[in-house]
Amino acid sequence: MKRSHYCGDVRATDTDKEVQLLGWVHRRRDHGGLIFIDLRDRSGLVQVVFNGDDKKLLAEAEKLRIEFVLEIKGKVVKRTPETINKNIKTGEIEIAANYLEILNTSKTPPIEIADPTNEPDEMVRLRYRYLDLRKDKMRENLIYRHKIIKAMSDYMDNKGFLEIETPFLTKSTPEGSRDFLVPSRLNPGRFYALPQSPQLFKQLLMVSGMEKYFQVVRCFRDEDLRADRQPEFTQLDIEMSFVGRDDVISVIEGLLEHSLKALEKDIDQYRGKIIPLISLPFPRLSWEDAMNRFGSDKPDLRFGMELIDISDLVAGTECAIFAKTVKSGGVVKCLNIKQKKLSRAELEKFEELAKKLGAKGLAWMVLESDGPKSPIAKFFKEHELELIFKKAQAETGDILLFAADKFEMACNVLGSVRMELGKKLNLIDANSFKFAWIIDFPLFEYSETEKRWVSRHHPFTSPQGTLDDIEERFLKDPSSLKAQAYDLVLNGVEIGGGSIRIHRRDIQEKVFKILGLPDKEVQLRFNFLLEALEYGAPPHGGIALGLDRLVMMLAGMESIRDVIAFPKTQSALCPLTGAPDVVDPHQLKEAHIRIAA
RNA sequence: GGGCCCGUAGUGUAGCCCGGUUUAACACGCCUGCCUGUCACGCAGGAGAUCGAGGGUUCAAAUCCCUUCGGGCCCGCCA
């Protein structure tokens, strides 16, 4: 049984041809003696007519219901001008059926496949995912995803990269996210871990002399879920030998340019999608600039409203909160909301948000024609206010929001407020795609919970500078050490990150030491890496792109789940299969596992 | 671990604030009948809901209170 055409591909040029179609009943319009069926397959819709000339066939067609699976044979006929349907690709023709076989019937589906406006509760969508995936939106998203990943693979191949698979059953490493563990039946009491990323294997492949590696690979992290985070997700993982930061960056820029262009070819398979126009090279911002100007290490560059640092202007004022903050090494920053009205209640909402994020408060000034209305204006002298207004380019009708805190806290708080304002005040053009590189990240950050310095990227990231430099600067101020790391950001979302790696044992050991990892632990967990670095490891570096997130952004979706065929709920459950589930006691016994009750 | 929002026929919603004229409404879908040019077909009729679950307040609870379950968004977490 073979089809002659896909439903969506039949055209006026096929007129008078006998065709054979396979598909699902999308909609039916039963006029009694005349029945229309919209037949759907992956390619789209075509109208099939049972015109009543053949009474037996018509009687059979009367049995048809939504989502029945059919084999249809018939003749392609041109529609009369007044019956042409411009809304579908096949609207100039229809199929005059002369044969119908019902290959399968269908219960009434809990999801209205033909109605794009009716989107059921996500629980229903995931429970009946195979039906949800029949809808245009999801089908188009999955095709779009396939096309872009295929284009990426082709590009990598053309550039001489080898796709090499790395193990899923691997070793748990300290640092980083929580591992998913897999018990080893053959080795009682021992566990594999699913990889958080193929990081160490791709480095070992560089030691192996593979030079250019890539992999479209699943990664696993047992952390709490978000709209853009799933416990398993897909990366385009890349590693190269003998490269520096700019080499990696230019590969990715070329990759994205190529892949987005390739999407244009198949645009009719995912109508409604925008193919972003991008211009190379992407802007680069140092981490510090990104924090200073946008209050985020993944700034959304689709709108302005940058943060303004007024620390030097308030240090000597009588505004105690501001002056004290600056004196103790913190910063005072503000946002200028140009010519927008916000009620006192709305301003208080933003203060609430700031406090939730850990700020002590959020001060505001409403610049009215008769002067600034503000709880804190009285602490400033006239000329002090004027300097602040000048720096913030504030004029009557503007509103200023202030945060005073340690550098990162003040930036993050105003950065979040900025994003909320951007959404609330409609400053964001949903059709624009702003890529940017964030570079010169700090190598370490201090973990308050662990009371020690931890890697901001990962412990294999090469520091900027020489070994002596590193020792000296670490002793003086660990936060001043910069990493040879880079993140790719799109519209305020981190879609990739990478670094030049450490390829010398002595430096790697030094970093482990700084991180406070006991020698024994290092020996146990990372000895294989340290050893490998001693056998002619070339300088190398790479990057990984989060493909789910990238596709989500490009496809205009708000959730990563809309570009994953079978995702999990926020509590990491699969409503379709019921995973995770209890297992048979025999299986537990074989895995040498006892459940603590 | 914490904050916020949601849960009403198969699906999407209204009703909830301020308890009683509600016999829980509307749209889609479903069922029956009619219909030869529709394409969101139309027309006539019909079935379908213990209002997530449990408890409480009250003469009276979808509506108020408490508990609990499930879903979503966020903070923490995500080298």
Side-chain angles (χ1 to χ4, degrees), chain A residues 26-39 45-53 58 62 65-67 77 79-80 82-88 90-91 94 96 106-128 131-132 173-179 196-197 199-200 219-231 233 349 352-353 355-358 412-413 416 419-420 441 443-445 447-450 453-461 483 485 494 497 499 511-512 515 517 546 558-559 561 568-571 573 575:
Chain A
H26 190 64
R27 264 193 272 262
R28 71 190 168 102
R29 293 176 290 281
D30 183 347
H31 292 234
L34 175 73
I35 296 173
F36 298 99
I37 295 293
D38 288 338
L39 193 68
L45 298 177
V46 69
Q47 174 165 278
V48 178
V49 195
F50 299 89
N51 63 16
D53 295 346
L58 187 74
E62 276 170 12
R65 292 295 179 269
I66 277 175
E67 297 308 312
V77 295
R79 299 201 199 180
T80 58
E82 67 277 11
T83 60
I84 285 175
N85 183 353
K86 292 203 184 81
N87 299 321
I88 59 175
T90 58
E94 62 193 6
S106 171
K107 293 181 21 176
T108 302
I111 291 177
E112 292 188 32
I113 289 147
D115 184 357
T117 66
N118 180 313
E119 182 158 280
D121 182 86
E122 195 153 8
M123 196 60 184
V124 175
R125 293 179 58 203
L126 294 184
R127 168 83 177 76
Y128 298 96
L131 298 178
D132 193 41
T173 51
E175 302 286 290
S177 70
R178 195 174 293 116
D179 288 318
Q196 301 166 26
S197 85
Q199 182 60 35
L200 293 174
C219 303
F220 306 87
R221 294 179 188 175
D222 188 6
E223 298 292 346
D224 286 1
L225 285 73
R226 289 284 190 283
D228 62 355
R229 272 161 42 184
Q230 282 275 305
F233 60 98
K349 272 248 166 67
E352 212 172 288
L353 168 70
K355 281 183 173 164
K356 236 167 50 183
L357 295 172
N412 280 329
V413 164
S416 299
M419 283 312 299
E420 281 306 305
F441 277 83
L443 187 60
F444 303 116
E445 63 188 336
S447 164
E448 292 293 344
T449 47
E450 296 185 47
W453 292 89
V454 298
S455 297
R456 187 177 273 271
H457 187 53
H458 57 53
F460 321 111
T461 303
E494 181 197 328
S499 62
V511 168
F512 285 146
L515 293 174
L517 297 184
E558 307 235 307
S559 165
R561 297 186 296 277
K568 299 195 169 44
T569 65
Q570 192 159 60
S571 45
L573 306 174

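Chain letters run A, B, ... following the sequence lines, proteins first and then strands; every chain starts at 1.
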Peer 1: Indicate yes or no: does A:Asp38 engage A:Arg29 in a salt bridge with an N to O separation below 4.0 Å.
Peer 2: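 Here A:Asp38 pairs with A:Arg29 in a salt bridge, since their nearest N and O are under 4.0 Å apart.
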Peer 1: Could you tell me how far apart A:Asp179 (CG) and B:rC78 (C1') are, to the nearest whole angstrom?
Peer 2: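 Taking CG of A:Asp179 and C1' of B:rC78, I get 12 Å after rounding.
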Peer 1: With respect to the phosphate group of B:rU38, does any side-chain polar atom (N or O) of A:Arg29 fall under 4.0 Å of OP1 or OP2?
Peer 2: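 Answer no for this pair, as no side-chain N or O of A:Arg29 is under 4.0 Å from OP1 or OP2.
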Peer 1: Mind checking A:Glu94 for me? I need base, sugar-phosphate or nothing, with any heavy atom below 4.0 Å counting as a touch.
Peer 2: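 A:Glu94: base contact, heavy atoms under 4.0 Å.
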Peer 1: On RNA chain B, nearest-nucleotide positions of A:Gln196 versus A:Ala227: which is more 5'?
Peer 2: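 The answer here is A:Ala227.
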Peer 1: NA contact type, A:Arg127, heavy-atom cut-off 4.0 Å: base, sugar-phosphate, or nothing?
Peer 2: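 Result for A:Arg127 = nothing.
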Peer 1: Identify the pairs formed between an N or O of the protein and an N or O of nucleotides 29-36 of chain B at a distance under 3.5 Å, and give each distance.
Peer 2:
residue : atom : partner : partner atom : Å
B:rC31  : OP1  : A:Arg65 : NE           : 2.8
B:rC35  : N3   : A:Asp30 : O            : 3.1
B:rC35  : N3   : A:Gly32 : N            : 3.3
B:rC35  : N4   : A:Asp30 : O            : 3.4
B:rC35  : N4   : A:Asp30 : OD1          : 3.4
B:rC35  : N4   : A:Gly32 : N            : 3.2
B:rU36  : OP2  : A:His31 : O            : 3.3
B:rU36  : OP2  : A:Gly33 : N            : 3.0
B:rU36  : N3   : A:Asn51 : O            : 3.1

Peer 1: What pairs of nitrogen or oxygen atoms, one from the protein and one from nucleotides 50-53 of chain B, lie under 3.5 Å apart?
Peer 2:
none

Peer 1: On a plain distance test, is the side chain of A:Glu119 in donor-acceptor contact with the base of B:rU11 below 3.5 Å?
Peer 2: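 Check fails, no donor-acceptor contact within cut-off.
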Peer 1: Of the candidate nucleotides B:rC39, B:rG12, B:rG70, which contains the atom at the shortest distance from the side chain of A:Asn85?
Peer 2: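 Among B:rC39, B:rG12, B:rG70, the one nearest the side chain of A:Asn85 is B:rC39.
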Peer 1: Sequence neighbours left out, what passes salt bridge (charged side-chain N to carboxylate O under 4.0 Å, His left out) with A:Asp132? Give chain and number order.
Peer 2: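 By the salt bridge (charged side-chain N to carboxylate O under 4.0 Å, His left out) rule, A:Asp132 matches A:Arg125, A:Arg129.
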Peer 1: Describe the nucleic acid contact of A:Gln47 in one word from base, sugar-phosphate, nothing, applying a heavy-atom distance below 4.0 Å.
Peer 2: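 Result for A:Gln47 = base.
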Peer 1: Have a look at A:Thr117 and say if it touches a base, only the backbone sugar-phosphate, or nothing, with a 4.0 Å heavy-atom cut-off.
Peer 2: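 Answer is nothing: A:Thr117 stays at 4.0 Å or more from every strand.
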Peer 1: Counting distance alone, no hydrogens or angles: does the base of B:rG12 have a donor or acceptor under 3.5 Å from a partner atom on the side chain of A:Asp121?
Peer 2: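 Absent.
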Peer 1: What about A:Arg226: does its side chain form a donor-acceptor pair under 3.5 Å with the base of B:rG76?
Peer 2: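 Between B:rG76 and A:Arg226, which were checked side chain against base, a qualifying N/O pair under 3.5 Å is present.
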Peer 1: Test side chain to side chain contact (heavy atoms under 4.5 Å, CB included) on A:Arg79 and A:Gln47; report intermediate values, then the result.
Peer 2: CA-CA 10 Å; A:Arg79 299 201 199 180; A:Gln47 174 165 278; 3.4 Å; yes
Peer 1: Suppose we define a pair by two distances each less than 3.5 Å, Watson-Crick or G-U wobble; what does B:rC64 pair with here?
Peer 2: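 WC or wobble partner is B:rG56.
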Peer 1: Decide, yes or no, whether a salt bridge links A:Arg561 with A:Glu122 under the criterion of side-chain N to carboxylate O below 4.0 Å.
Peer 2: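 A salt bridge is present here (some side-chain N lies under 4.0 Å from a carboxylate O).
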Peer 1: With both distances under 3.5 angstrom, what nucleotide forms a Watson-Crick or G-U wobble pair with B:rG33?
Peer 2: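 When the pairing criteria are applied, B:rC43 turns out to be the nucleotide that pairs with B:rG33.
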Peer 1: Whether A:Arg27 contacts B:rC41 is assessed here as follows: a side-chain N or O lying under 4.0 Å from the phosphate OP1 or OP2. Is that the case?
Peer 2: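 For A:Arg27, the contact criterion (side-chain N or O under 4.0 Å from OP1 or OP2 of B:rC41) is met.
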Peer 1: Looking at the base of B:rC78, is there any donor atom on it, or on the side chain of A:Arg229, that sits under 3.5 Å from an acceptor on the other one?
Peer 2: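 Under the 3.5 Å cut-off, the side chain and the base do form a donor-acceptor pair.
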Peer 1: Considering Watson-Crick and G-U wobble pairs with both distances under 3.5 Å, what does B:rC73 pair with?
Peer 2: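 Pair assignment: B:rC73 / B:rG3.
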Peer 1: What distance, rounded to whole Å, do you find between the two P atoms, one in B:rU8 and one in B:rU50?
Peer 2: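 It works out to 11 Å between them.
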